[in-house]
Amino acid sequence: MIEATGLTKVYGDKTAVDGVSFTVQAGRVTGFLGPNGAGKSTTMRMIMGLDRPTSGSVTVNGVPFAQHAAPLREVGSLLDAKAVHTGRTAYNHLLAMAATHSIPRKRVQEVIEMTGLGEVAKKKVKGFSLGMGQRLGIAAALLGDPQTIILDEPVNGLDPEGVVWVRNLVKYLASEGRTVFLSSHLMSEMAMTADHLIVIGRGRIIADAPIGEIITGKGQSRARVRTDQPEQLMRLLADDGVSVEVQDHELLEVTGLPARDIARTALDNRIMVYELTPLQASLEEAYMELTKDEVEYHSLITTGAAAPTQTGGQQ
Amino acid sequence: MSTAALQSSRPQGTAGPGPSFLRVLNSEFIKFRTLLSTLILVGSTVLVMVGFAALNAWGIGQFSEASQNDPQAAAAFAAQGADLTAGIPTSGIAFAQLIIGSLAVLLMSSEFTTGMARSTFSAVPKRTPAFIAKLLVVTACAFVVTVASSLLAYVAATPILDNYGFDIDLGSDHSRRLLLVSGVYVAAVAAIGMSLGTLLRNSAGGIMSLVGLFFVVPIAFQLIPGEFFEEARKYLPDSLFERIVTAAPAEDALEVWQAWTWLGVWVVVPVAAAMIILKKRDV
């Protein structure tokens with residue numbers, strides 16, 4: 001279990017992580033989701049004791065990481081695929097890390113096989129692709145057979161087969177009762193992998209909930225309605241908490257009212273409806289909705305309605 | 001493995017051995033010997049030491065032959081002959097110190113430039129044991145490489161000197177002193193280099209600082225007129241080394257124990273600073 005309390009990291013005049021508190025439970029995959037620069041990596045480095053928090057604290061199984069008697073056996077981490085001297089072979093890198101905890105060569109060989117590095121283990125890391133680098137980082141994380149696993153953007157650079165492998169691996173590790181905390185800026189990936197989501201934007205926690213709850217959001221249902229009497233239907237549907245948007249000549253998007261109620265209203269008023277499609281919010285949309293004010297670097301090219309009302313905080 | 005089996009096999013707190021100092025030392029030694037750059041730099045040191053010794057032996061031989069016709073010069077030469085040849089095995093040390101010193105800088109700065117530091121300090125989050133272990137590996141390597149390459153240089157120089165009727169008495173006090181002090185001195189340079197690598201976290205910056213300290217500053221102090229620079233020059237590491245090994249010190253020279261003390265200061269201050277900063281700074 002990872003517990004962060006009021007964790008804050010300030011670099012100069014920029015607050016990278018702003019008083020975040022959260023708990024990562026054992027036995028499930030917890031996703032750490034946020035746009036680039038939201039503070040995911042900084043938070044993970046603070047968990048690993050590499051960065052000192054400006055204020056607040058974070059513990060792993062009740063103890064700050066650095067105070068564990070056998071840190072590698074307690075927490076395995078992939079913080080950066082490039083946390084390796086590229087002049088060394090993958091095998092020697094793992095061997096040197098294993099030596100600090102008297103982890104036997106057999107285990108080194110095991111994690112090499114597990115991560116599919118067998119063929120390149122005796123080659124210098126310099127020539128590795130991003131995907132192989134990720135596999136090596138994951139091998140290093142698993143070396144101590146740790147109870148807690150922290151992976152920062154583990155699927156970055158992996159081929160589709162690798163992505164599926166990581167997905168199954170983290171689910172398996174969580175099913176063994178381990179604490180798995182993995183970050184990503186890809187919501188689609190999280191939807192496939194995580195059981196629980198912590199969403200961070202501009203250093204603050206925006207949401208901390210089971211993934212299903214985040215997708216359904218605030219319980220707002222949406223539906224697309226096509227009718228030849230849009231004005232009339234709009235007037236009838238207008239109510240507190242209901243918003244109707246005219247999308248096209250005869251096309252409305254109704255938010256805040258279940259499809260069934262829309263159909264009932266139309267029927268009662270003899271308005272013909274020729275399409276009524278309930279819209280399921282994807283995690284992607286839920287995420288965009290959650291983070292729209294928190295994204296640090298907006299694209300300059302945005303499409304009409306979705307254009308951000310504010311520009312990022314960077315000068 | 002079932003969930004239950006795994007959990008019961010992993011009760012908290014008895015996960016297995018952690019990073020004891022000996023294990024960290026072993027890890028640092030593995031890291032040291034598995035880099036090609038280490039082998040290249042150690043190899044270059046041996047080459048430089050042997051090469052300079054051979055050149056020096058040849059030069060001394062040529063000079064002695066040239067002075068045969070001048071009885072005065074020949075007598076003077078004969079008088080200090082033993083001292084001259086004693087210095088041959090370690091004659092490449094000015095360059096060896098820079099190569100080994102650069103190696104020491106690189107071994108630490110590359111941890112930061114490659115990101116390896118994140119792996120290293122995740123495994124040893126207290127950081128100081130990893131630093132001390134690396135320092136031990138680096139200084140021991142510096143000592144061994146210096147002494148071993150001096151011995152090789154002796155082997156290479158002996159047949160050359162033999163041609164001119166000279167030899168090196170390795171068993172003499174002066175020779176033994178030169179050998180050991182050279183080893184200790186290069187180890188000290190390595191400690192300074194590793195500290196620079198830790199403080200600057202940058203390979204080029206660390207190596208340039210080292211070259212500055214051991215090459216540029218001594219020459220600059222010699223060139224700048226004034227009593228202050230003349231006096232200050234005595235306290236630079238390379239002058240301290242010269243003072244310790246010289247058989248005939250100048251009148252206003254430091255005592256040997258003073259030279260040792262100052263050399264100690266040159267090592268302890270950067271090492272302590274590096275250890276404090278390493279512990280405090282984010283990786």
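Just the heavy atoms: all of them, side chains too, but no hydrogens, waters or symmetry mates, feed the values below. Note that the coordinates shown come from a computational prediction; the quantities given were computed from them, not determined experimentally.
Using a 4.5 Å cut-off between heavy atoms, A:Ser102 touches chain B through backbone and side chain atoms alike. Interface remark: A:Tyr91 contributes no atoms to any contact with chain B (heavy atom separation under 4.5 Å). Contacts of A:Lys9 with chain B are made by side-chain atoms alone, with heavy-atom separations under 4.5 Å and no backbone atom involved. Heavy-atom distances place the backbone of B:Ser20, and not its side chain, under 4.5 Å from chain A.
Between the side chain of A:Arg73 and the backbone N or O of B:Gly18 there is no donor-acceptor pair closer than 3.5 Å. In this structure, B:Arg118 contributes its side chain and A:Leu50 its backbone to no donor-acceptor pair below 3.5 Å. The main-chain N or O of B:Pro19 is never found under 3.5 Å from a side-chain atom of A:Thr100 such that the two would form a donor-acceptor pair. B:Lys126 places a side-chain N or O within donor-acceptor distance of the main-chain N or O of A:Ala66, the cut-off being under 3.5 Å.
Taking both residues in full, the closest heavy atoms of B:Ser122 and A:Phe65 are given as O-CZ, 3.2 Å, listed atom of the first, atom of the second, then distance. The minimum heavy-atom distance linking A:Asn92 with B:Ile30 is given by the pair O-CG2, 4.2 Å. Residues B:Ala123 and A:Met97 share a closest heavy-atom pair of CB-CE, 4.4 Å. The two residues B:Lys31 and A:Ala96 have their closest heavy-atom pair at CG-CB, 3.6 Å.
Heavy-atom contacts from other residues, nucleotides or ligands closer than 6.0 Å to CH2 of B:Trp262 number 12 or fewer. The local environment of NZ in A:Lys123 is sparse, with at most 12 non-hydrogen atoms from other residues, nucleotides or ligands closer than 6.0 Å. Within 6.0 Å of atom CZ in B:Phe29, 12 or fewer heavy atoms from other residues, nucleotides or ligands are found, so the atom counts as exposed in its surroundings.
Comparing A:Arg52, A:His93, A:Met46 by how many heavy-atom pairs each has under 4.5 Å with chain B, the most go to A:Arg52. For chain B, the option among A:Arg45, A:Lys82, A:Gln67 with the highest count of heavy-atom pairs below 4.5 Å is A:Lys82. Ranked by heavy-atom pairs under 4.5 Å with chain A, the first of B:Thr113, B:Leu35, B:Val124, B:Val283 is B:Leu35.
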